[in-house]
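Please read the structure below before turning to the comments.
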Amino acid sequence: MEFSELIRTGQAQAELLRGPEMPPLRGTLCVTGHHLLLSPGPQATPDLWLLLLRSVDSIEKRVAGDAGTITLRCKDLRVLQLDIEGVEATLDIARSIEALSSLESVITSFPFFYRPKGLRLGEAWHFHPPERYYKRIARETRAWRLSEANEDFSLCPSYPRAVIVPRAVDDDALARSARFRQGGRFPVLSYYHAPRGTVLLRSSQPLTGRQKLRCAEDEELLRAVLAEARPGARGFIVDTRSAQAAKQARMTGGGTEAKAAYPGWKRLHRPLERGRPLQESFVRLMEACGDPEQSMDRWLSRLDGCRWLSHVKEALSTACLAAQGMEWEGACILVHGAEGTDSTLLVTSLAQLILDPLSRTMAGFQELIEREWIQAGHPFQLRCAHSAFSHTRPKHEAPIFLLFLDCVWQLGRQFPLSLEFGEGMLLALFDHSYASPFGTFLCNSEKERCLCEVRTRTHSLWSGLNQPKEQRKLRNPLYVPNPLAIWPSVEPQSLRLWQGLFLRWTHPPEPSEVAWEKVWQIATDQKTEGSQPTDSASEPQP
Amino acid sequence: MEHIRTTKVEQVKLLDRFSTSNKSLTGTLYLTATHLLFIDSHQKETWILHHHIALVEKLALTTSGCPLVIQCKNFRTVHFIVPRERDCHDIYNSLLQLSKQAKYEDLYAFSYNPKQNDSERLRGWQLVDLAEEYKRMGVPNSNWQLSDANRDYKAAICRCSQPLSGFSARCLEDEHLLQAISKANPANRYMYVMDTRPRHRMQSWWATQKDIGRIILNAMANRAAGKGYENEDNYSNIRFQFVGIENIHVMRSSLQKLLEVNGTKGLSVSDFYSGLENAGWLRHIKAVMDAAIFLAKAIMVENASVLVHCSDGWDRTSQVCSLGSLLLDPYYRTIRGFMVLIEKDWISFGHKYSERCGHLDGDPKEVSPVFTQFLECVWHLTEQFPQAFEFNEAFLLQIHEHIHSCQFGNFIGNCQKEREELKLKEKTYSLWPFLLDDQEKYVNPLYSSTSQKPAVLEPNTVAFHFKFWRNMYHQFDRTLHPRQSVFNIIMNMNEQNKQLQKDVKDLESQIKQHKNKQTDGVLTKELLNSVRPESPALKTSLCLKEQTLLPVNDALRTIEGSNPADNRYSEYADEFSKAEPAVVSSEYGVARMTC
């Protein structure tokens, strides 16, 4: 397929409105295979305005007289308005954007063409997160091993090639357990909590079905987990569905672990919203955020009605439950819902942030996302196909990853000194997970990424973000390593709407941004002054 | 002391207010002449000033003892369980007496003695001087003489009560005074009159004044009582503006509703937001803010003088005038300026502190959180303009604390006249010098007087910007607060930066001295020694991690590295022990082994 077939017009004169705080931009508008360009014209200004077409979520066109208006709602929640000269040009441009922004082919997407200066292909990819993580825990315990049973993705298409499993369980048993779990997602280690010698596992639901089937190898696997942890250790299965929903899942072949079959394990049900209801929550929240004229009462009622903050609270408290089971009860925790690719990952990754100081560093957080989201098979391509503005009926979209980022933001608000990364990092991750010139969030699983050769043909987001010039935006200047667990308050009074994200474009928090600069200045003064006493104007060290 | 029967009760339990599993601390309760004190088994002290008690309730006897619930005006709520009913009854009765004094002379301020002599006390009262303030504002000048009004710039903010115009009454002198105010502003020929009451309450009245419009009972009553507002026909060059701020009774019940919501155990997010909406509290805050912005804009943009009034001129008018001043004049955003503002627009203009705060046993219908709302509006401004204010949130909370504490004389009484009759300046102390002594606790480390390019603040009042003020209404509910404070760490960094800069200067001057002495500039041993490998400043930087450098006066400002025991989800611990599969397990007994 050629992009040129989809591009219906060469160029047009247009004016771009970018929100209340930004001046309008006039120039020549042009559609290319991956971008919408606005060139301010022959005058000396070299500033080219550029929009990745992939980031367009919805497009609206209106024509009146001999001019037209296109409203673009972007996946990063920006709303742009283009006033274009000429009716034909408007319609052509609109059609071109529509066609190009909804292309589904991965290998023709922009990351496969993006070749930024200063970065080398193949750089900064986390090639072997499970292997690296295994090295870390192998220093603490011998109870676990790295299995390459999934080398060819035959056991589980959504797992990486290597996974960490109990040493006592061999690859054949894993294969059997995989057949007993939805999508082959047998229980694997997610996090080893060294201070207590307990573990966090994740999987998908067991396929017990109507007949209440069992699987000896699956049962043995979980028994081995407890036996290795400590004699008499207990385990908890945190099921992210309600007891009712878990029971109903049997009708469609799923189900949940029978108590009698898994001695030592107890189930706790913590229903978390996922799928369409979560997507709708996001859509309704953005509708509410798009209306600055509404009264106080209306705003509060819509904030309540969209239930987004309830989801934040539920996700955080479930993660706290899991973390507490490990830290306080000395218990092993297995988390799963149905597929084990969404709310399961939300809970396991948040629990790690709460317990593990390393995951709160810049490098550790990137590794966490790589290991617990990307490699763990969160289907980014399906979940982030559309953001809050799309008119198309949602199929697989759900802002689970956004919910994770929001929870991390809440942690950061309550522990402002304990995360090495700042809000800027979370915003960047949100933007890139929905549309990005980098390849990191492409595809739905490791298997797909291998097929598309994402690692060798696209640049890693981490290499982009870890450039020194990006760091000031992404880091938290107040970071002080905190070796303790960070237990957040999950009361409604302690949770806040993440304005920096949901109101980012409509209400630029200008005064606080200036204050942020001041915080940076104070913090960097602090670090540089001691070493360079006479040079007070010294630049902060990155 | 005649009200105190029991001074000490042991084995008292203090319940966690939000715990659904009745988590508690055990300790000893002491009753003193001024405070109720609880010391728990970890020797942590909880002091409750009698004047802070808004409500004390004795609940029905339970198996573990007699519950005593105390709600305070600073939004502390404590729930004790006293083992013996008799003790509980004694304390209950004592607190009823002690928390509601009949006369001013029994208030704490008249017995509070911070060990200062008379001249120190007097100097304290003179710290904030209004005559000085009017001089600062540049009045009297050729257009204004020192009288009962208050003004800024060329245009002025003036205030009064509602005119007693009734059906058709006019007052020529009043009209002339307004003319004079209008003329005193050479920059604009018209002036605004702002009525801070909701228009719907006045509009029907207005209609009847103009022509035959419908007569509503409320308006009729108001008019029949001889009240109303200025008739535009009678006052030339006047533009009217209504801003809808509800009256003190609406505000009181709104706060009541708010407190009911946030005091709920196991509150869900949904209940919280629907409760917030139903209480209407944030709507009222927004209304006050909108009014202040209108005022500031009229003065800044149109250069028009504004006369503000409500019914009596000491509640809503004080809110709007003081907030308006805060928006317009950076001076009021300093620590000292804010004290002056409160003295000027609140105390001297007769905000009825004693009635509104219920200092004495009086009419509960006169109690209303008018000043609390003002402080909350200021807090919202500090949130939107983090660098514009010299003071921080702790300063606002501390002032709020003392509005009700009756420990200092500033807020006692209902007007200047009453205050003079009470001889407050002779018999009590002023709060301000004590706050100034503790200034470092109240400084906003991000404050920058130079960054305020337009000196006038233009806050955004779209609904998104109004948030629940957790640190006020949950001031004492430590578990709801962030566990680490940015404020403290920035303060510490600032302090250390200053110290380091000072060290640098000292060392540089020493180097200079030595260079003068020794032309070859070789560092002497003495100088080398003076470069302390571990200067005090560097030592303090180690303390950063402990985050305990600043003296913090209350749990609110303390920081937890992390304490899981504080969180209500720790109650899940119970779930771990009693966790049973929700689906009966026996049905799995028959499950076949397959696969």
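Chain A is the first sequence line, chain B the second, and so forth, proteins listed ahead of strands; every chain is numbered from 1. As the structure is a prediction and not an experimental result, all values here were calculated from the model. Below, all heavy atoms of this structure are taken into account, side chains as well, without hydrogens, waters or symmetry copies.
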Chi angles and distances behind the side-chain contact (heavy atoms from CB on, under 4.5 Å) call for Leu309(A), Tyr273(B)
CA-CA 10 Å; Leu309(A) 284 167; Tyr273(B) 281 98; 3.3 Å; yes
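- Qualifying ring-ring contact (aromatic ring centres under 6.0 Å, His included) partners for Trp299(A), counting only residues two or more places apart in sequence or in other chains: Phe464(B).
- In this structure, no portion of Ser242(A) lies under 4.5 Å from any heavy atom of chain B.
- At a 4.5 Å heavy-atom cutoff, the contact between Asn460(B) and chain A is made by side-chain atoms alone.
- By a heavy-atom distance cut of under 4.5 Å, Leu282(B), Arg283(B), Lys286(B) are the residues of residues 280-288 of chain B near chain A, going up by number.
- Ser310(A) contributes no side-chain N or O that, together with a main-chain N or O of Val269(B), makes up a donor-acceptor pair within less than 3.5 Å.
- For Ser268(B), the part sitting under 4.5 Å from any heavy atom of chain A is the backbone (N, CA, C, O) and nothing else.
- Looking at every heavy atom in both residues, Ala463(B) comes nearest to Met296(A) through O-CE, 3.6 Å.
- Atom OG of residue Ser489(A) and atom CG of residue Leu480(B) lie 5.0 Å apart, to the nearest 0.5 angstrom.
- Taking all atoms of both residues into account, the shortest heavy-atom contact from Gln493(A) to Asn262(B) is NE2-O, 3.3 Å.
- Residues forming a side chain to side chain contact (heavy atoms under 4.5 Å, CB included) with Ala323(A) (at least two apart in sequence, or on another chain): Ala351(A), Ile354(A), Leu355(A), Trp487(A).
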Show your reasoning for whether salt bridge (charged side-chain N to carboxylate O under 4.0 Å, His left out) applies to Arg496(A) and Glu383(B).
CA-CA 14 Å; Arg496(A) 250 199 200 180; Glu383(B) 286 281 289; 3.4 Å; yes
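- Going from atom CG of Leu303(A) over to atom OG of Ser270(B) covers 10.5 Å, rounded to the nearest 0.5 Å.
- When all heavy atoms of Arg470(B) and Ser494(A) are compared, the pair lying nearest together is NH1-CA, 3.9 Å.
- The side-chain heavy atoms of Gln499(A) and Lys467(B), taken from C-beta on, include a pair separated by under 4.5 Å.
- A search for salt bridge (charged side-chain N to carboxylate O under 4.0 Å, His left out) contacts involving Arg181(A) returns Asp218(A), Glu257(A), not counting sequence neighbours.
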